[in-house]
Structure formats: structure tokens, C-alpha cells
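Worksheet: one structure, shown below.
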Amino acid sequence: MTTSTLTSLHHFIGGDASTAGDRTSPVYNPATGVQTGQVPLADAATLTTAVDAAETAAPAWRSTGMAKRANIMFNLRQIITARRGELAAIITAEHGKVLDDADGEITRGLENVEFCAGLVHHMKGETLEQASTGVDVTQLRQPVGVVACITPFNFPAMVPLWMVTTAIAAGNTVILKPSEKVPSAALWLAEAFREAGLPDGVLNVVNGDKDTVDRILDEPRIKAVSFVGSTPIARHIYTTAAAAGKRVQALGGAKNHMVVMPDADLDAAADAAVSAGYGAAGERCMAVSVVVAVGDIADELVAKVSSRMADLTVADGATAGADMGPVITAEAKDRIEGYVAGAAGEGATVVVDGRAGHGTDLPEQGFFTGPTLLDHVRPGMRVYDEEIFGPVLSVVRVETYDEAVELINNCRFANGTAIFTRDGRAARSFTFDIEVGMVGVNVPIPVPIGAFSFGGWKDSLFGDTHMYGPESFNFYTRRKVVTERWPLPSESQITMGFPTN
Ligand code: NAD
């Protein structure tokens, strides 16, 4: 394909489209393997221009009334809702996930817009009258300033909405750096924000790769960084940004275990394992990647899962009836299939090999790999120890509940986990014992609703605050405490002691 037939993508800076940058990166449709677009990668001057725009817009934006900000959130909700089909098609064309799933990510992103429409509640401070005689104390929430949001490929709309919506609601101005693999949804959202009434310069989309991220970390005018991506990069972002004195939250990778107790409804558990293991081709940070079969149910559970897998339709996500689309790139396909190729040699049993026959009539160049099921997996195997981030589900067999808990608590990732059981006491013990940030009881993908906050523990999150919801308003605001007193002139005196009651 010649470059003239490619969609030319751009940055969105100060309300204007710009193609500045010294390099470009290809954008593919993963279902066809064909390059569909070309995105400019910001150079140092482009990032400077974007930060200038954000800095210029900041004073007016932080002075904008809360009612007007809330109104923009209501407008944004209306625009996204009315045109969600358009956005879902963009997500599917660049990411590959099936259209229903793309629509689901829009719904979950909208939850944060809805939460932010109530920003008057989230931005309210606290007042204590008569803290001392004639003294009142008020805590205010003020924006941090210019903030950067760096997002991964796997949720092209939802993760940007997790971050930028709250940052903007709280009065900050934003540099959004989406994944260079899926830039179009972020650009679509920036236009939607503008249509909703957001002034130019408040939200700027700067496309780029590693180099742009490193420039963001070096830019002293950027005061806070929100990141979602893989663990090694999250750790790098956290340490570098914190050393530069920035506020930082960096969410990393995952290995999510689903425990199936002997008393569980095995059909429901198998349905959940297939949905949560292979939905979005396993490219979700909350995907189930390990099923922990407790007691003597493993053979029956593996049979139920594998029989369901036979019914999955792997196809272009834009086609009706597709259950699972391609993975993001040819490199990702090779990496995932490399894990599957090595699994038997490590001692796992390959029950279903996704490399073999994953559908007919698929475009030859598409980045497809079918669902894989591995049994008898154990810690120490690469397929267990590393995040595969693809449609590969491993079964670990344990004898007891205690072994299941120990397995999970020894894992360095701790994003999400779930237990399937009919025993309320086991479920209660699990939620108490397990060292993981988000827990499901008979819920395989326990992504908290917008009124809570999202985040894992251990190597799945670096920093103190979780994302979206109430914690997000803490991240994007600085608290300022005002102590005031209005004495009569006759009450004034010199007091050299430390102020007390
Ligand atoms: P990634 O870490 O490769 O990229 C994330 C972002 O970092 C992108 O914007 C990318 O341009 C940038 N980046 C890439 N390499 C970099 C480098 N060396 N230095 C600086 N910046 C760099 O992640 P991805 O492949 O886009 O997304 C998948 C990963 O994200 C998985 O590990 C998944 O578990 C994780 N994820 C986590 C969550 C969560 O909430 N914990 C949510 C979604 C995805």
C-alpha cells in the first residue's frame, strides 16, 4: 500500500491538528494485517508546543465554574452515546476486538464521564467552623496543573476516559499520549470533548512512542503522570517520574487467577473461564489467565472448558458472530505462539493448541492466533511466571483452598482474582486472605464500577492511588488548608509561643 492511501493521523494541540514530528509509525488493521494509517511521532518541539498550549489554557480552565465543567461532562456523555457505533468501529479497526466488546469498553468509559458529571460532590472541600475560638478551617481541592496521561493499546477509549475525564473535571489541563498502535480513538475523543464545549488547549493529544514518553518524564512543567501499560514500563515511569518530583500512578501487567472450589457450579465456572480467558483475545489486564482447580474437579472442568472452546468463532471483529478477533500485532502473535510452543517442553499438557486451525476464511496476513488451553501448569514455568497477554488459559491443579491462596499470594502480579464457590464462608475467607487489589466472588472480571476506583497491588501498580472514581480526584487535586480568623483590632497582640488553642 502506498502512503497516499493511508489515513494520515495527527496530533491535536491547542485545538488544531498537527502532523509535526520527525518520525512516523504504522497503524494496522490486525484482522487483515494491512497497514491502514500512519501516525506522526512527536519530537521535542512538538511536545513543547503541546505543553505550551496546556499551560496557556490552565489559568482560565481552573477558574471555570464547576457547573460549566459538569455541563461539559453531560454534553460529552450525550455525544459519545449518540455516536458510540462510530467509536466502536474505530476501536475494532485498530485493536481487533469484536464490535460488542468495543461497545462494552465504551460503556465502561462512560461510567467515568457520568461519575465526573457529579464533580461538584467530588471537588467539595471540608470546613470546620470554630476549630479554635473565632477560627475556621477550610480544606480546598485545587488542580495539580498540567498532567500527562499515557495509555496502552488494549483499551483505546476506556483507559483515556479513566484518566483525562477526571483530570479535566478537577481543573487540570492534559497531555494525552495514546498507544501509537491505536491512536484514532483518542483523537475521536478529543474532538468529542471539543464539541462538548471544552476550550482549546485543555486536552491535547500528542502521539508518540518511548521517546515521547521519556520527554514527558523530563518536562518540568508536567506535574503529574498517569500511566497504564506493562509492568517493566510502569516501573520505569514510576521511578523516573517520582525522582523528577512528579506525582505518579503507574498501573502495570497482570496474571489473574480464578479459583474454582470443589462445590462450585462447574458449568457456570467453565462459562466464566472461557469468557474471561478468551474475550478480547486475552488482551485485557483483567483477563483470567490461570484457572486454579481445587480438589478433584480438574478433569471435569478442563473437559467443560475445552468443549466450549470448540464453539468459539475466531474472525475479524467487525463481522457478525465473531467471538474473538486477532491479537494486536504480528510480533504479539509470534510472542504468544512462542509461549504455546514451549509449554509442553516445560511439562504442561497442551489440551487445545490455538496455533492449529483457528478458523477458516481468515485473511492470511491477519494477526490471528486461536484460543489455547494448557493443563498441569505450575509456578516456575514461563507460561505461568510471565504475562502472556493473549488467548492462553492455564490450569493449575491444587489439593486445597489453602494451596490456592498460597499460589496466588506468591505471584508477583496482583491485579484481579476471583473465586467460584457456593460456600459463603470460603468466599468470605478468600476476600479476607487474598493479596490482590480487585476480587470477584462468582464474578470473573471484577472491574469496579465507576463510583469505586481501579487498581491492583504489588507489580500491578506502582504508586499510591488507584485510577478513576474517588481516588482519581485525590490524584488530580492538591489539598490546601486555609485557617482564618477575623479578630477585632482590640484583640490583636504579639504572641511568641507556637499557636495553640
Ligand atoms: P506498553 O507498556 O508496551 O505501552 C504502554 C504505553 O507506554 C504506550 O503508550 C507506549 O507507547 C509506551 N511505551 C512503550 N514502551 C515504552 C518504553 N520503553 N518507555 C516508555 N514508554 C513506553 O503496554 P501495551 O502493550 O500498550 O499494553 C498492554 C499492557 O498493559 C499489558 O501488560 C497489560 O496488562 C497492561 N494493562 C494494564 C492495565 C491495568 O489497569 N493494570 C490496564 C490495561 C493494560
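Computed over heavy atoms, backbone and side chain alike; hydrogens, waters and symmetry mates excluded. Counting convention: from 1, in listed order, for ligands and their atoms alike. Because the structure is a prediction, the values reported are computed rather than measured.
- Taking a cutoff of 4.0 Å between a charged side-chain nitrogen and a carboxylate oxygen, R215 and D43 do not qualify as a salt bridge.
- With C116 as the fixed residue, the side chain to side chain contact (heavy atoms under 4.5 Å, CB included) test singles out one of T165, V164, L161: T165.
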Listing, residues 442-454 side-chain donor-acceptor contacts under 3.5 Å, not counting sequence neighbours, or none:
unit_1: N442; atom_1: OD1; unit_2: T421; atom_2: N; d: 3.0
unit_1: N442; atom_1: ND2; unit_2: T421; atom_2: O; d: 3.1
unit_1: S453; atom_1: OG; unit_2: Y468; atom_2: O; d: 2.7
unit_1: S453; atom_1: OG; unit_2: E471; atom_2: N; d: 3.1

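- Taking the charged nitrogens against the carboxylate oxygens, E191 and R194 do have a contact shorter than 4.0 Å, which makes a salt bridge.
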List, pair by pair, the atoms of ligand 1 and of the protein that are both N or O and lie under 3.5 Å apart, giving the separation rounded to 0.1 Å.
unit_1: ligand 1; atom_1: 2 (O); unit_2: S230; atom_2: N; d: 2.9
unit_1: ligand 1; atom_1: 2 (O); unit_2: S230; atom_2: OG; d: 2.6
unit_1: ligand 1; atom_1: 9 (O); unit_2: T151; atom_2: O; d: 2.8
unit_1: ligand 1; atom_1: 9 (O); unit_2: K177; atom_2: NZ; d: 2.8
unit_1: ligand 1; atom_1: 11 (O); unit_2: K177; atom_2: NZ; d: 2.7
unit_1: ligand 1; atom_1: 11 (O); unit_2: E180; atom_2: OE1; d: 2.7
unit_1: ligand 1; atom_1: 26 (O); unit_2: F153; atom_2: N; d: 3.0
unit_1: ligand 1; atom_1: 30 (O); unit_2: G229; atom_2: O; d: 3.2
unit_1: ligand 1; atom_1: 32 (O); unit_2: E387; atom_2: OE1; d: 2.6
unit_1: ligand 1; atom_1: 32 (O); unit_2: E387; atom_2: OE2; d: 3.4
unit_1: ligand 1; atom_1: 34 (O); unit_2: E387; atom_2: OE2; d: 2.6
unit_1: ligand 1; atom_1: 41 (N); unit_2: G252; atom_2: O; d: 2.8

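- For the side chain to side chain contact (heavy atoms under 4.5 Å, CB included) criterion with P391, the lone passing option out of I336, T372, L312 is I336.
- In D100, the CG atom is not crowded: 12 or fewer heavy atoms of neighbouring residues, nucleotides or ligands sit closer than 6.0 Å.
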